[in-house]
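Shown next, in structure tokens, is the structure this report addresses.
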Amino acid sequence: MEEGKPITKNVDWMVVLIYIACLGIGWVNIYAAVYNPETHSSIFDLSNNAGKQLMWIGTTFILIICILVIDYKFYETFSFIIYAIVIFLLVVVLFAGSNINGSRSWIKFGPMSLQPAQFANLAVSLAISKYLSDPAISLSRKLKDYYPILGIIALPSVLILLSNETGSMLVFASFAIILYREGMPGFIPAIGIVSAALLIISLLYNSWYIAGAIIFIAGLVIWLMPVMTRRQGGLWATILVALVMISIAFGVDFFMNNVLQKHQRGRIMVLLDPDSDPRGIGWNVIQSKIAIGSGGFTGKGFLQGTQTKFDFVPEQSTDFIFCTVGEEHGFVGTAVVVSLFILLISRLVILAERQRSRFARVYGYCVAGIFFFHFLVNVGMTIGLMPVIGIPLPFFSYGGSSLWSFSVLLFIFLKIDAQRPFTLSRG
């Protein structure tokens with residue numbers, strides 16, 4: 001930091017205000033989620049989640065000050081070291097971690113617990129940004145340039161999966177956004193989207209019918225294909241794609257029965273048919289939808305949510321915090337929350353695009369992608385459009401590790417962006 005220069009100089013205050021608004025609304029709704037009308041505990045009571053969250057918010061502001069004080073070059077220079085530290089912590093939890101809710105991904109410090117998996121997004125974002133900052137890297141022309149990126153993502157993915165924290169691992173899918181922005185051919189994410197759609201269709205219909213439809217479509221494509229395109233490899237490319245899609249269709253049963261765990265299979269089936277296990281795995285989603293639907297246009301009122309008061313929705317202050325907003329504040333409240341996230345993500349994309357260095361641009365898109373994935377999946381799973389994979393809603397869900405990780409992720413980018421007028425373009 002330059003002597004005499006305020007640490008908040010050039011910080012984007014629009015993002016900061018959205019951040020503060022999310023923190024405040026989230027904190028109030030955490031209190032509503034854990035509110036007990038019989039005890040009438042204060043929102044500042046450290047014995048409940050709202051009081052504890054306030055303590056985490058206080059420590060978060062200390063972290064933010066530290067981030068803004070540190071020279072912005074630190075984050076690029078030490079990107080791989082930060083990545084190595086997080087990898088080390090992910091290894092530690094496999095041997096010395098505490099088991100909470102079936103996930104062995106926590107390190108306990110007395111009454112406090114820290115989840116290193118929450119910081120993996122930060123570590124991977126910095127490492128990918130550092131790697132792509134090399135002007136010689138070209139994702140549009142060199143296949144070999146993808147290998148280090150796959151390694152950077154694969155290592156923490158495996159470690160997180162071994163600690164049974166699947167939700168945190170799936171967030172890495174958000175990095176496809178920045179890879180596409182930096183030159184990844186469009187057909188690669190298209191293949192992923194088609195494969196996911198085919199997986200869902202294969203769960204609903206007989207594989208032989210799907211295979212017949214694929215063969216018919218492939219035959220139609222070949223028949224309409226210009227002769228020159230066929231001779232240039234279009235024929236064999238179409239046949240290869242059709243064979244891969246047929247393999248996926250017939251491989252779904254094996255994947256469901258031999259790769260996924262029982263509770264993971266259940267979550268997928270509940271997504272397709274919420275009434276398939278209404279008192280088991282489907283309970284959370286059904287009660288969440290009831291809570292949100294019962295809120296109507298303006299909601300039942302602060303602390304008046306019956307689904308909340310009588311604990312119908314498990315994990316309501318963490319993974320299902322959005323249904324508290326829906327029940328007590330209705331469509332108006334949920335629209336405000338959705339609008340805040342749309343504004344935040346849009347603003348981050350705008351800030352990323354105006355960066356002069358490739359490191360800053362890539363990191364900005366990583367931050368935007370991570371927030372978008374968390375927002376999309378968390379809100380989607382509370383209304384039954386996404387499987388329940390247990391990831392928090394940024395700045396809203398209760399939890400110190402998630403609040404720290406999201407805040408650090410965001411304010412590192414704001415610190416880098418604040419130095420944009422003084423940095424030179426490097427590609």
Side-chain angles (χ1 to χ4, degrees), residues 22 25-26 29 33 118 121 165-177 189 192-201 203-204 260 263-278 280-295 307-308 312-346 348-349 367-399 402 406:
C22 289
I25 298 173
N29 279 280
Q118 292 289 347
N121 293 325
E165 190 62 30
T166 309
S168 297
M169 183 200 70
L170 293 177
V171 178
F172 292 147
S174 65
F175 291 112
I177 296 174
I193 294 172
V194 171
S195 297
L198 186 59
L199 176 66
I200 295 173
I201 294 173
L203 293 171
L204 297 173
L260 296 181
H263 70 279
Q264 293 170 331
R265 291 196 298 271
R267 288 174 179 176
I268 293 176
M269 297 312 298
V270 164
L271 175 65
L272 300 175
D273 181 12
D275 297 323
S276 61
D277 189 11
I281 295 176
W283 174 265
N284 288 23
V285 176
I286 292 174
Q287 296 304 318
S288 175
K289 291 164 68 175
I290 291 174
I292 294 174
S294 66
Q307 294 292 110
T308 298
F312 281 105
V313 184
E315 310 295 339
Q316 196 161 340
S317 64
T318 53
D319 299 341
F320 285 85
I321 189 68
F322 187 75
C323 72
T324 304
V325 179
E327 183 179 20
E328 297 198 347
H329 307 287
F331 173 80
V332 174
T334 56
V336 169
V337 172
V338 170
S339 297
L340 284 173
F341 275 101
I342 292 175
L343 284 173
L344 175 62
I345 295 167
S346 300
L348 289 175
V349 171
V367 176
I370 290 168
F371 284 148
F372 173 73
F373 187 91
H374 274 269
F375 164 68
L376 179 69
V377 175
N378 184 277
V379 173
M381 71 185 190
T382 61
I383 59 178
L385 296 180
M386 291 284 183
V388 179
I389 61 175
I391 63 174
L393 184 62
F395 315 125
F396 279 78
S397 296
Y398 168 75
S402 62
F406 290 132

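Sequential numbering from 1 along the given sequence is applied to the chain's residues. Just so we're clear, the structure is a prediction, and the values are computed from it rather than from any experiment.
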Taking side chain to side chain contact (heavy atoms under 4.5 Å, CB included) as the test, write out the residues that go with [X], two or more places apart.
| X | result |
| --- | --- |
| Leu170 | Thr166, Phe373, Ile389 |
| Phe372 | Ile177, Ile345, Leu376 |
| Val194 | Met245 |

Exercise: identify the closest heavy-atom pair between [X] and [Y]:
| X | Y | answer |
| --- | --- | --- |
| Glu327 | Ser294 | CG-OG, 3.8 Å |
| Phe375 | Leu393 | CA-CD1, 4.1 Å |
| Gly384 | Val285 | CA-CG1, 3.7 Å |
| Ser288 | Cys323 | OG-CB, 3.4 Å |

Q.
Among residues at least two apart in sequence or on other chains, which ones pass side-chain hydrogen bond (donor to acceptor under 3.5 Å, both in side chains) with Ser402?
A.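 Counting only residues at least two positions away or on another chain, Ser402 forms no side-chain hydrogen bond (donor to acceptor under 3.5 Å, both in side chains).
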Q: Could you tell me which residues satisfy side-chain hydrogen bond (donor to acceptor under 3.5 Å, both in side chains) with Thr318, sequence neighbours excluded, listed by chain and number?
A: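 Glu315.
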[atom1]-[atom2] distance between [X] and [Y], expressed to the nearest 0.5 angstrom:
| X | Y | atom1 | atom2 | answer |
| --- | --- | --- | --- | --- |
| Phe322 | Met381 | CZ | CE | 11.5 Å |
| Phe406 | Ser397 | CZ | OG | 8.0 Å |
| Ile383 | Ile292 | CD1 | CD1 | 6.5 Å |

Could you tell me whether the side chain of [X] and the main chain of [Y] form a donor-acceptor pair under 3.5 Å?
| X | Y | value |
| --- | --- | --- |
| His374 | Ile391 | no |
| Asn29 | Ile25 | yes |
| Asn378 | Asp319 | yes |
| Thr334 | Phe331 | yes |

Q: Under the ring-ring contact (aromatic ring centres under 6.0 Å, His included) rule, collect the residues that match up with Phe396, sequence neighbours excluded.
A: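 Checked Phe396 against ring-ring contact (aromatic ring centres under 6.0 Å, His included); matches are Phe341.
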Q. What residues, two or more places apart in sequence or in another chain, satisfy ring-ring contact (aromatic ring centres under 6.0 Å, His included) together with His329?
A.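 Counting only residues at least two positions away or on another chain, His329 forms no ring-ring contact (aromatic ring centres under 6.0 Å, His included).
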